Amino acid sequence: MAHVCIHWFRKGLRLHDNPALMSALRGCQEIYPLFILDPCIHNKDTLGVNPWRFLMGALQDLDGSLRKLNSRLFVVRGKPQDVLPQLFREWGVSRITYEYDTEPYSRSRDRKVSELAKEHGVEVVYKISHTLHDIDRIIEENNGKAPLTYVRFQTVLKALGPPKRPIPAPTVQDMKDVKTQCLENHYGLPSLEELGHDLSCLQDALFPGGEEEALRRLEENMQRTGWVCSFEKPQTAPNSLSPSTTVLSPYVTFGCLSARTFWWRLSDVYQGKKHSAPPVSLHGQLLWREFYYTASVGVPNFDRMLDNPVCTQIDWDTNPEYLAAWREARTGFPFIDAVMTQLRREGWIHHLARHAVACFLTRGDLWISWEEGQKVFEELLLDGDWALNAGNWLWLSASAFFHQYFRVYSPVAFGKKTDKHGDYIKKYLPVLKKFPVEYIYEPWKAPLSVQKAAGCIVGKDYPSPIVEHDVISKKNIQRMKTSYAKRSQVVSESPQPKKGAKRKAPSVLDMLKNNNSKK
DNA sequence: TACTCCGTTGCAGCT
DNA sequence: AAGCTGCAACGGAGT
């Protein structure tokens, strides 16, 4: 019997390498490609204007591509568990397909939807295509635990072999027996205004959303074979005037570009040539993504400090003034403020720029919890991927994965290495553009006469630095040392085995393992 | 258990 | 220019 099918797009906003969509088309007489605007995810507080616009672009592109296949995208608003049962009845649906999503919110949502589907006699089909591998298989291969080091992660992946090859997008031929009721004037695309953002200060999108742009951008980058083969992430500049990396991350985050398509396209370029290797290569970057996805599945409460077994417990300060200064680009450190300005304005900043501002907010200078930084990044980044965002904040704050807390980024020195004239600062903070090169990273050191000549008085036209970095960073290293000392105490004080008992004291790793097997 | 080795991306100062 | 050292010193993983 032929099916009436909903393919539910959530991430995976693409037609290429979309196995769940292909499953929808098999034995299907009628398809409803669907996107649900979920108030829990798509709201003004958690989704800033830039990522919202990116999503709009991606949906528009998807609708256009589906129309070329004589179909369209249907957009509805509401909680999926409320909306879907109505649509099941209204459209006479017999099957729903979607891409598997590992995020905790998505998993609980999908569990509820699965139950509702069963109640309505709707078959549920889901496929793995957001990650290179089946994340649960990686954890299984590592004895039920998420690997906590990249080296270990690579060893585990070797046992699994290379990722699956991507599959092509459906063609008109694939769709020839599949109808879509077009229902024009219903289920239309959302508008940019819909979330109620202020659009007046919005500049043209540097990175427009959508699969077409994603594949164009991929090809554009892959043409530069020498650059691709010699790519080493730590050697790329955080403060070049145009991006020094691919900026494919927003497209991978929303699934406009398949990670597997990216992986195999890189393999094509590498073929027969000498090339860089993980962790620094472009393949290595995709593996970092996979690493954090695996950790986010294997570690409970991954995006929090409390009850997160891999996260060092640190006595972060509550300091709304410092936090506001950081997020609003008025710390008085031009490099930090320029990065935060670029983030807010354009929605993308280089990975090392993220390091610099993340270190500054947390263990380096302001001693504010990484969870606060995580929220700001989540709102403003085009590539605010839940697992990567949490994982990188854990890393940078030296709360997990990375432990050399005595390596502190200098808000003055770090940027100078790759932009000694401060052109990047002048681009994003034009108020400083007349400062002489020698003061551009430290304008408060300029004599008043120089400040006057530059038309910018520090403390009036541009803020004075909110902390004394050299002093505070040394103090903070000592605070880190204290937190780490407590950490090892906690581990050694964990319950000892009773005499004669075979079981060892549960370590952090055992806790992880137990949590995982309970699932 | 105790030990070594090593870790995508620190900084300042030196050669 | 790239690569070393001293700074004060971490944990995970393997032996």
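Owing to the predicted nature of the structure, the values given are computational and were not obtained by experimental measurement. Numbers restart at 1 for each chain; the letters A, B, ... are given by sequence-line order, proteins then strands.
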### Task
Mind checking Gln285(A) for me? I need base, sugar-phosphate or nothing, with any heavy atom below 4.0 Å counting as a touch.
base

### Query
Would Phe291(A) and Phe401(A) count as a ring pair (Phe, Tyr, Trp, His ring centres under 6.0 Å) if you check the C-alpha gap in whole Å, the side-chain angles of each, and the deciding distance to 0.1 Å?
CA-CA 11 Å; Phe291(A) 171 80; Phe401(A) 309 118; 5.4 Å; yes

### Task
For dG14(C) versus dT8(B), give the span between their P atoms, rounded off to a whole number of Å.
14 Å

### Task
Taking ring pair (Phe, Tyr, Trp, His ring centres under 6.0 Å) as the test, write out the residues that go with Trp264(A), two or more places apart.
none

### Criterion side chain to side chain donor-acceptor pair (under 3.5 Å) on Tyr293(A) and Asp385(A), from CA distance to verdict
CA-CA 10 Å; Tyr293(A) 264 85; Asp385(A) 183 299; 2.6 Å; yes

### Query
Could you state the CG-C1' distance from Leu148(A) to dG14(C), rounded to the nearest angstrom?
15 Å

### Query
Are Phe414(A) and His355(A) an aromatic pair by the rule of ring centers under 6.0 Å?
no

### Task
Indicate yes or no for a side-chain donor-acceptor contact from Ser129(A) to the backbone of Asn18(A) under 3.5 Å, with no hydrogens or angles considered.
no

### Query
Touch check for Lys417(A), heavy atoms < 4.0 angstrom, all strands: base, sugar-phosphate only, or nothing?
sugar-phosphate

### Query
Does NZ or CZ of Arg487(A) fall inside the cone over Tyr484(A)'s six-membered ring, less than 6.0 Å from its centre and within 45° of the axis?
yes

### Message
One pair to check against ring pair (Phe, Tyr, Trp, His ring centres under 6.0 Å): Phe54(A) and Tyr251(A). What are the steps and the verdict?
### Response
CA-CA 9 Å; Phe54(A) 189 96; Tyr251(A) 301 91; 5.0 Å; yes

### Query
Which residues, if any, of residues 351-371 of chain A bring a heavy atom under 4.0 Å of DNA chain B?
His351(A), Leu352(A), His355(A)

### Query
Hey, what's the ring geometry for Trp393(A) with Phe377(A), parallel, tilted or perpendicular (30° and 60° as the breaks)?
perpendicular

### Query
C1' atom, dC3(B) versus dC7(C): distance in rounded Å?
24 Å

### Query
How far, in whole Å, is dG7(B) from dA8(C) if one measures between their P atoms?
24 Å

### Task
Would you classify Phe414(A) as touching base, sugar-phosphate or nothing, given that sugar-phosphate means primed atoms plus P, OP1 and OP2, and contacts are heavy atoms under 4.0 Å?
sugar-phosphate

#### Entry: Range on DNA chain B touched by chain A, heavy atoms, distance below 4.0 Å
dG7(B) to dA12(B)

### Task
Would you sketch DNA chain C in dot-bracket for me? Only Watson-Crick or G-U wobble pairs with both distances under 3.5 Å count, crossing pairs as [ ], other-strand pairs as |, the rest as dots.
.||||||..||||||

### Query
For the side chain of Arg354(A) and the backbone of Ile349(A), is there at least one donor-acceptor N/O pair under 3.5 Å apart?
yes

### Query
Excluding sequence neighbours, so at least two apart, what forms ring pair (Phe, Tyr, Trp, His ring centres under 6.0 Å) with His283(A)?
Trp263(A), Tyr270(A)

### Query
With rounding to whole Å, what would you report as the distance between dC6(B) and dA9(C) at their P atoms?
23 Å

### Query
Taking the six-membered ring for Trp, is the centroid-to-centroid distance between Trp444(A) and Phe333(A) below 6.0 Å?
yes

### Message
At 4.0 Å (heavy atoms only), tell me whether Val280(A) reaches a base, stays on the sugar-phosphate, or touches nothing.
### Response
base

### Task
Mark yes or no for whether Asn239(A), through its side chain, and Tyr424(A), through its backbone, hold a donor-acceptor pair below 3.5 Å.
no

### Message
Please encode protein proximity along nucleotides 4-10 of chain C as a string of B, S and -, counting only heavy-atom distances under 4.0 Å.
### Response
-----BB

### Query
Between Lys427(A) and Asp419(A), does at least one N-O distance fall below 4.0 Å, as a salt bridge requires?
no

### Query
CD of Gln154(A) versus P of dA13(C): gap in Å, rounded?
14 Å

### Task
Test ring pair (Phe, Tyr, Trp, His ring centres under 6.0 Å) on Trp227(A) and Phe231(A) and set out the steps.
CA-CA 6 Å; Trp227(A) 181 81; Phe231(A) 184 93; 5.3 Å; yes

